[in-house]
Amino acid sequence: MRVFSHIPVWLSAAALLSMTYSCSKTEVTGQQAGIAFSTAVETKAPVESSNDMDAFAVWAYRSDDAATLPEVEMNGIEVYRNGTGWAYDNVRMWTDGIWHFEAMYPDPQSLGTDKIGVQFYIPKNDGQVELDGVSISYFDGTNADADLMIAKQDRIYNSASNPDASAVSLSFEHLLSRVGISVKTTTEDLTLTSLTFKGMGVIGAYNTKESGEDKWMLLNSVSELESVVPTGTFEASLDESPLPSDGTAVDVLSDLLLIPQTPGTGAAGQYPMTVEVTYTVGSGGAETKTLTIPADPVWAPGRHYRYTLTLGTADVTLNIDVVDWEPAEDNNITW
């Protein structure tokens, strides 16, 4: 039996779907009349493919036609790995109508209410403008170790004409940016003694009225959280042995999963985002340098940013590499 902390989920219309969890597990395949799911991303932080995933949450609403008010069919149910496939409790059967599915990895219940607040909105038919789908009212990314992903899929099911009861295929997209710091040198006997990366926003909201559709907004305070750290600080753990003098880059901070944002330069009241390094050359004294991360490039979801510092006897320079996180075909899930 699994026990989870409560994650609040609010709906903009229709009643909450009553959910129960049982200790019996039912595996679902696309050959059955029950709704099944499939994916192509697996679980670790950061997620490189669907093989790194162990569980995610699914919401769904259904309407009889485009003119009727949708009803909630799945309210953040946990879909978990079952052997080589995916399963969930209390299998929901296909019924005629227009279906909309949304999924989030990881299941927000696994993070806890002290880290994330998730709401699910469904469209209204009374003309009121309202958010649609999964919204994150707050996310605490202070530890930079949670890889948030989201997927959406629509399906029209008609039992009278070639009903499609195949597994719902979910293609997950990363919501966060992946950031790392590397150092290199061509100077003999140069030892990096400390490196601190700080100044980035680590608390944010996603897909809210305030942030905008499918966008992030940094937060300075959150009523649901007892304390909020406005900016993050990450210190490298170093062995204090000399760096390779052949110019080989050494990762000292890697795979930081951070909220997409424009690096602050200290202008217009921003917190500057900086890297501070201290190093020695031979038996000489310590040198400390501070570099401000440039505002360009802006961090985007699903992109990997590698900042490389070149250390020398006279100065420290900065180079930036930006690459895709991973091939898009690795992020598909069928369940």
Side-chain angles (χ1 to χ4, degrees), residues 41 44-49 52 141 143-149 172-187 190-202 204 215-216 218 231-239 241-267 270-279 287-331:
V41 229
K44 63 185 175 186
V47 172
E48 301 281 6
S49 77
D52 300 328
N143 295 329
D145 60 357
D147 188 359
L148 298 183
M149 297 190 298
F172 280 85
E173 296 181 354
H174 294 279
L175 294 186
L176 300 176
S177 301
R178 182 175 173 182
V179 181
I181 306 290
S182 302
V183 295
K184 66 180 182 179
T185 187
T186 55
T187 300
L190 187 149
T191 300
L192 179 67
T193 58
S194 71
L195 183 146
T196 302
F197 181 35
K198 63 182 181 180
M200 69 292 297
V202 289
K215 293 181 180 179
W216 280 98
L218 296 176
T231 61
T233 298
F234 301 93
E235 296 184 358
S237 177
L238 304 170
D239 61 12
S241 58
L243 294 173
S245 59
D246 60 359
T248 300
V250 177
D251 291 336
V252 294
L253 283 174
S254 59
D255 297 337
L256 298 176
L257 305 176
L258 297 167
I259 295 172
Q261 59 194 273
T262 300
T265 60
Q270 299 172 332
Y271 291 102
M273 192 183 299
T274 61
V275 179
E276 181 180 280
V277 291
T278 300
Y279 59 96
E287 291 279 350
T288 298
K289 304 287 185 180
T290 300
L291 284 80
T292 299
I293 300 297
D296 184 20
V298 174
W299 295 353
R303 300 287 280 173
H304 188 180
Y305 301 86
R306 190 189 194 201
Y307 295 89
T308 302
L309 304 180
T310 300
L311 308 182
T313 55
D315 206 352
V316 178
T317 59
L318 176 68
N319 183 65
I320 307 169
D321 293 317
V322 184
V323 297
D324 287 329
W325 194 316
E326 79 286 316
E329 60 268 21
D330 292 341
N331 293 335

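Index from 1, following the sequence.
- For Leu218, the side-chain contact (heavy atoms from CB on, under 4.5 Å) criterion is met by Ile259, Gln261, not counting sequence neighbours.
- Among residues two or more places apart in sequence or in another chain, the side-chain contact (heavy atoms from CB on, under 4.5 Å) test is passed with Thr310 by Lys184, Thr317.
- With sequence neighbours excluded, the residues satisfying side-chain contact (heavy atoms from CB on, under 4.5 Å) with Thr262 are Ala295, Val298.
- In this structure, the side chains of Phe172 and Leu148 stay at 4.5 Å or more apart for every pair of heavy atoms.
- A side chain to side chain contact (heavy atoms under 4.5 Å, CB included) with Val183 holds for exactly one of Leu243, Leu253, Thr308; it is Leu243.
- Side-chain contact between Ser254 and Ile181 is absent, with no heavy-atom pair separated by less than 4.5 Å.
- Between Phe197 and Glu276 there is no side-chain heavy-atom pair separated by less than 4.5 Å.
- Using modelled atom types, one finds a donor on one side chain and an acceptor on the other under 3.5 Å when comparing Asp147 with His174.
- By the side-chain hydrogen bond (donor to acceptor under 3.5 Å, both in side chains) test, Thr288 is found to be paired with Thr278, residues two or more places apart in sequence or in another chain being considered.
- Partners of Asp251 by salt bridge (charged side-chain N to carboxylate O under 4.0 Å, His left out), not counting sequence neighbours, listed by chain and number: Arg306.
- Residue Lys289 holds its NZ atom at 5.0 Å from OH of Tyr279, rounded to the nearest 0.5 Å.
- Partners of Tyr307 by side-chain hydrogen bond (donor to acceptor under 3.5 Å, both in side chains), not counting sequence neighbours, listed by chain and number: Trp299.
- Scored by the side-chain contact (heavy atoms from CB on, under 4.5 Å) test, Pro260 finds Leu176, Ser177, Trp216, Pro301 as partners (sequence neighbours excluded).
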Show your reasoning for whether side chain to side chain contact (heavy atoms under 4.5 Å, CB included) applies to Ser245 and Thr186.
CA-CA 4 Å; Ser245 59; Thr186 55; 5.9 Å; no
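- Partners of Thr274 under the side-chain hydrogen bond (donor to acceptor under 3.5 Å, both in side chains) rule, at least two apart in sequence or in another chain, do not exist in this structure.
- At least one side-chain heavy atom of Val322 sits under 4.5 Å from a side-chain heavy atom of Pro297.
- The side-chain heavy atoms of Arg178 and Leu257, taken from C-beta on, include a pair separated by under 4.5 Å.
- Residues passing the side-chain hydrogen bond (donor to acceptor under 3.5 Å, both in side chains) test with Asp246, sequence neighbours excluded: Thr248.
- When atom types are taken as modelled, the side chain of Tyr305 and the backbone of Ala300 share a donor-acceptor pair closer than 3.5 angstrom.
- At least one side-chain heavy atom of Val277 sits under 4.5 Å from a side-chain heavy atom of Leu309.
- Remark: of the listed residues Ile293, Leu318, Val316, Val252, Ile293 is the sole one forming a side chain to side chain contact (heavy atoms under 4.5 Å, CB included) with Val275.
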